[in-house]
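When a ligand or atom number is given, it counts from 1 through the structure's own listing order.
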Amino acid sequence: MQGRIIRLLAGYYFVQLEDREIRCRARGKMRLHNESPCVGDFVEVDVLNDGEGVLTKILPRKNLLERPPVANITQVLIVCSALAPHPNFALIDRILVATELLGLSAVVVVNKCDLDSGVAVSSVYRPAGYPVVEVSLSADVNIASLWASLRGHTSVLAGQSGVGKSSVIKHLCPEREVGVGEVNLRKGYGRHTTRHVELIFVPELDAYIVDTPGFSKLELPEGLSILTLADCFLEMRGQRDHCKFGHSCRHLGEPDCRVKQEVGRGHISQERYQSYTILLNELIERERSQYK
Ligand SMILES: Nc1nc2c(ncn2[C@@H]2O[C@H](COP(=O)(O)OP(=O)(O)OP(=O)(O)O)[C@@H](O)[C@H]2O)c(=O)[nH]1
Ligand SMILES: [Mg+2]
Ligand SMILES: [Zn+2]
């Protein structure tokens, strides 16, 4: 029978079957083949009695996220807050670059719209081509749109601490024990409350979702080249063909650069272009230090 690993605990693999969850050990042979099953893997199991089973095979993986270690993700839900903590555009853009490199879809969720309209965020990411969902998890605003964006996907929640990632899970599955931290309104950041990795199955949406601990720093992926960076910005992708220097244009100060022109016309937002230049300079520095 086929299923999906939703959590690892004390040497057991918990596997979601269509209608129930079972607890499995891996077949000895798998360990010999050096296959290590991961949360998110689609697997074949022999079902035994009493909710137990044996893992016999890992089906081919589409991708494997490093942090958190989860396989076969299809979407990243970037959660930010309209206020408290203030949206961190640089961090959102770093997450988006990583998402584009992995070829995953992205949704920007602006939570806490009971405190502020969230337009500062939506006016940047909607024109860039990303779906933006403005919600208030505590005041129950626009929750249906959020659920619609999860349908059929395996989504990982990402974003700063205190923005409401765990609150998404809590809202979806109220019966679950989820650590929802107290946000410190004065300082504008929350406590780091989320730890272990678990894929949460939502049968009504045919969706899986994984919570992650908040973070405020994210390194650019190893091996990301200067010229690939612009392709990780959705609204800059493909513009290089229209730049005078074509394929070698970095969209910094080169003459007749289409990207700079689009920024001037307001088609590419200042915020996104600023993030781009910051990340680009980071890559230039990185390459320089490698040649030293
Ligand atoms: N005003 C307001 N507060 C909210 C909303 N949603 C969540 N919160 C509060 O924000 C705080 C942080 O929520 P969490 O869900 O723990 O945030 P998190 O992103 O999981 O934080 P980490 O686990 O630290 O990364 C909690 O006190 C929530 O009650 C909302 O829509 N409006
Ligand atoms: Mg949390
Ligand atoms: Zn250019």
Side-chain angles (χ1 to χ4, degrees), residues 67-68 76-88 91-92 95 109-118 121 133-143 145-146 155-174 176-198 200 209-218 226-231 233 235-265 267-268 273 276-277 280:
R67 227 171 29 130
V76 180
L77 226 62
I78 304 170
V79 186
C80 67
S81 167
L83 199 74
H86 277 289
N88 181 340
L91 183 67
I92 296 172
I95 302 171
V109 178
V110 191
N111 185 30
K112 309 199 188 183
C113 286
D114 51 300
L115 304 178
D116 183 276
S117 72
V121 178
V133 189
E134 292 121 318
V135 298
S136 169
L137 287 160
S138 59
D140 250 332
V141 177
N142 209 18
I143 304 297
S145 308
L146 179 57
S155 306
V156 59
L157 293 163
Q160 260 173 295
S161 189
V163 292
K165 298 181 295 300
S166 300
S167 301
V168 172
I169 308 274
K170 202 176 169 211
H171 214 288
L172 260 180
C173 327
R176 225 166 236 283
E177 295 254 327
V178 189
V180 173
E182 283 302 300
V183 77
N184 182 330
L185 279 170
R186 191 171 56 83
K187 286 186 178 160
Y189 54 74
R191 267 185 295 172
H192 298 257
T193 41
T194 311
R195 273 179 198 94
H196 62 260
V197 181
E198 172 167 15
I200 291 161
I209 184 163
V210 56
D211 195 3
T212 71
F215 53 90
S216 52
K217 290 208 181 86
L218 181 65
I226 287 174
L227 290 175
T228 312
L229 182 68
D231 294 333
F233 281 71
E235 69 277 51
M236 294 185 196
R237 191 176 291 169
Q239 299 279 22
R240 194 169 273 127
D241 294 343
H242 307 285
C243 295
K244 182 178 176 186
F245 288 175
H247 227 77
S248 57
C249 191
R250 296 170 307 166
H251 319 307
L252 272 183
E254 294 91 341
D256 288 338
C257 165
R258 173 64 71 91
V259 167
K260 291 277 304 200
Q261 288 163 1
E262 292 290 281
V263 176
R265 288 192 198 111
H267 294 163
I268 293 178
Y273 183 69
Y276 170 73
T277 57
L280 186 70

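For ligand 1, the atoms closer than 4.0 angstrom to any heavy atom of Leu115 are 1 (N). For ligand 1, the atoms sitting less than 4.0 Å from at least one non-hydrogen atom of Asp114 are 1 (N), 2 (C), 30 (C), 31 (O), 32 (N), numbered in the order shown with element in parentheses.
Distances from the Zn ion (ligand 3) to each N, O or S atom of His251 single out ND1 as the nearest.
When non-hydrogen atoms are compared, ligand 1 lies under 4.0 Å from neither the backbone nor the side chain of Asp211. Of all the heavy atoms of Val163, the ones lying under 4.0 Å from any atom of ligand 1 are found in both the backbone and the side chain.
Of the N or O atoms in Gly159, none lie within a sub-3.5 Å distance of an N or O in ligand 1. On a distance-only criterion, Cys113 and ligand 1 share no N/O pair closer than 3.5 Å. Looking at Ser161 next to ligand 1, an N or O pair under 3.5 Å apart turns up. The N/O atoms of Val135, backbone and side chain alike, include none that comes under 3.5 Å of an N/O atom in ligand 1.
Lys112 places a side-chain heavy atom less than 4.5 Å from the side chain of Pro85. You'll find the side chain of Val141 stays beyond 4.5 Å of the side chain of Asp114, heavy atoms only. The shortest distance between side-chain heavy atoms of Ser145 and Val135 does not fall below 4.5 Å.
Of the angles at the Zn ion (ligand 3), the one spanning SG of Cys249 and SG of Cys243 is 110° when given to 10°.
Among the atoms of Ser166, an N, O or S atom falls under 2.8 Å of the Mg ion (ligand 2). Metal site remark for the Zn ion (ligand 3): Cys257 contributes an N, O or S atom at a distance under 2.8 Å.
More than 12 heavy-atom neighbours from other residues, nucleotides or ligands sit within 6.0 angstrom of CZ on Arg237.
Classification of the His251-Tyr276 ring pair by plane angle, with boundaries at 30° and 60°, yields tilted.
Between Asn142 and Glu134 the shortest heavy-atom distance is ND2-O, 2.9 Å. Of all heavy-atom pairs between Lys165 and Gly159, the closest is NZ-O, 3.2 Å.
Across the listed options Ala139, Ala82, Ser138, Ser138 owns the non-hydrogen atom lying nearest to atom 2 (C) of ligand 1.
Here the CG-CG distance, from Asn111 to Leu137, works out to 4.0 Å after rounding to the nearest 0.5 Å. In this structure, the separation between CE on Met236 and CD1 on Ile268 is 5.0 Å, given to the nearest 0.5 Å.
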